Amino acid sequence: MAEEPVVHIVDDDAAVRQSLSFLLASDGLPVRLHESAVAFLDKVGVGGRGCVVTDVRMPEIDGIEFLRRLRQNGYAMPVIVMTGHADVPLAVEAMKEGALDFVEKPFDDETILGVVRSALSRHRERFRIDNEMQEIRQRLQSLSERERQVLDGLVAGKANKVIAFDLDISPRTVEIYRANVMTKMQARSLSELVRFVLLAGAKEAKP
């Protein structure tokens with residue numbers, strides 16, 4: 001079963017953590033609290049699902065450095081940065097460092113809920129695409145060398161006769177390999193087959 005997405009609240013202010021936790025939990029969202037960026041990095045692995053809500057001003061590691069470390073370590077969760085009115089330049093810097101969005105304090109409940117819902121939706125879509133890419137790559141790996149060669153020809157837009165000439169085999173043999181490729185790739189059409197290869201990356205389709 002896939003891990004349930006979690007909203008990670010990272011803030012050194014206990015009152016802010018508790019307030020946000022109550023609000024998000026009341027909206028049915030699973031929440032985990034972290035008193036610092038260090039605590040988050042120590043407890044949450046790079047494969048975690050959900051999003052991060054963090055203050056831009058924190059001791060030890062501030063929000064900007066936190067974003068840098070998340071990116072350097074390969075975390076994929078979207079990050080929402082909370083800022084004060086005087087911290088807009090920091091908020092802009094946070095966006096440049098990879099933050100998905102920022103909200104200015106004090107913010108109303110619907111504002112933060114809307115931003116968090118949007119972040120979780122984006123992460124779910126990215127997670128779905130990542131899973132699809134992994135499945136497609138596994139299918140690509142199941143192809144024989146000749147099937148990959150035929151696939152390359154199909155993705156390049158070549159007709160069966162041209163592929164047959166290039167590979168020095170008969171058009172009928174190309175048709176057989178083509179059918180095998182469609183079956184193994186679970187593609188219902190040539191356009192879907194091309195989409196699969198493009199999604200997985202052209203280099204993945206080559207032997």
Side-chain angles (χ1 to χ4, degrees), residues 1-138 199-200:
M1 181 179 295
E3 178 186 350
E4 186 176 17
V6 173
V7 182
H8 296 272
I9 300 171
V10 183
D11 198 308
D12 61 306
D13 188 326
V16 172
R17 292 199 303 273
Q18 293 300 329
S19 175
L20 278 174
S21 175
F22 178 78
L23 173 64
L24 296 171
S26 298
D27 198 49
L29 299 172
V31 179
R32 285 182 64 182
L33 306 181
H34 310 271
E35 67 274 13
S36 67
V38 172
F40 174 94
L41 294 169
D42 284 345
K43 297 176 185 176
V44 181
V46 296
R49 293 187 59 204
C51 70
V52 177
V53 180
T54 182
D55 194 15
V56 74
R57 292 190 180 275
M58 295 184 293
E60 296 184 81
I61 299 176
D62 64 20
I64 304 300
E65 180 60 25
F66 183 32
L67 280 161
R68 291 186 185 123
R69 296 199 186 188
L70 289 174
R71 186 179 59 194
Q72 290 168 0
N73 292 335
Y75 285 84
M77 286 184 283
V79 180
I80 299 161
V81 173
M82 298 180 290
T83 69
H85 286 310
D87 292 331
V88 172
L90 284 177
V92 173
E93 186 177 354
M95 298 286 281
K96 291 179 181 178
E97 291 294 341
L100 173 66
D101 206 344
F102 70 90
V103 289
E104 291 183 82
K105 298 177 182 177
F107 43 75
D108 60 65
D109 292 353
E110 282 307 312
T111 295
I112 189 66
L113 285 173
V115 171
V116 168
R117 290 190 198 110
S118 177
L120 290 174
S121 177
R122 177 174 294 203
H123 188 62
R124 277 193 295 270
E125 179 63 13
R126 178 170 180 173
F127 185 78
R128 183 192 67 77
I129 292 173
D130 286 347
N131 277 349
E132 184 179 10
M133 289 175 64
Q134 183 176 355
E135 291 176 2
I136 291 170
R137 286 172 179 146
Q138 289 174 348
L199 184 61

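The structure displayed is predicted, hence computed values, not measured ones. If you read the sequence from its start, that first residue is 1, and numbering goes on from there. All values below come from the heavy atoms of this structure, side chains included, with hydrogens, waters and symmetry mates left out.
The side-chain hydrogen bond (donor to acceptor under 3.5 Å, both in side chains) analysis of residues 22-41, with sequence neighbours excluded, yields the pairs H8-H34, D27-R117.
We find the CG-CG distance between L113 and L23 to be 4.0 Å, quoted to the nearest 0.5 Å. From L90, atom CG reaches atom CZ of F102 across 10.5 Å, with rounding to the nearest 0.5 Å. A distance of 11.0 Å separates CG of D55 from CZ of R17, quoted to the nearest 0.5 Å. Note: M58 CE to F40 CZ = 10.5 Å, rounded to the nearest 0.5 Å. For the atom pair CD of Q134 and CD of Q138, the computed distance is 5.0 Å after rounding to the nearest 0.5 Å.
Taking E65 as the reference, I61, D62, R68, R69 meet the side chain to side chain contact (heavy atoms under 4.5 Å, CB included) condition, with sequence neighbours excluded.
The minimum heavy-atom distance linking A119 with C51 is given by the pair CB-CB, 4.0 Å. The nearest pair of heavy atoms linking S21 to I9 is N-CD1, 3.6 Å. When every heavy atom of P30 is checked against every heavy atom of P5, the shortest pair comes out as CG-O, 3.5 Å. Here the shortest heavy-atom pairing between V31 and A25 reads CG2-N, 4.1 Å. Taking each heavy atom of V46 and N73 in turn, the nearest pair found is CG1-O, 3.1 Å. Closest approach of V116 and V53 over heavy atoms only: CG2-CG2, 4.0 Å.
Within 6.0 Å of CZ in R71 there are more than 12 heavy atoms belonging to other residues, nucleotides or ligands. The number of heavy atoms from other shown groups lying within 6.0 Å of CZ (F107) is above 12.
Applying side-chain contact (heavy atoms from CB on, under 4.5 Å) to M82 and the options D13, D11, V56 leaves one that passes, D11.
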Discussion item. Before you tell me yes or no, could you show the steps for L33 and Q18 under side-chain contact (heavy atoms from CB on, under 4.5 Å), namely the whole-Å CA-CA distance, both residues' side-chain angles and the distance that decides it to 0.1 Å?
Written reply: CA-CA 8 Å; L33 306 181; Q18 293 300 329; 3.6 Å; yes

Practice item. List the steps and the verdict of side-chain contact (heavy atoms from CB on, under 4.5 Å) for L20 and V7. Key: CA-CA 10 Å; L20 278 174; V7 182; over 6 Å; no

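Considering only heavy atoms from C-beta on, T83 stays 4.5 Å or farther from V103 through its side chain. In this structure, the side chains of V52 and Y75 stay at 4.5 Å or more apart for every pair of heavy atoms. Annotation: side chain of L120 is in contact with side chain of L29 (closest heavy-atom distance under 4.5 Å).
One N or O on the side chain of D108 and one on the backbone of E110 form a donor-acceptor pair closer than 3.5 Å.
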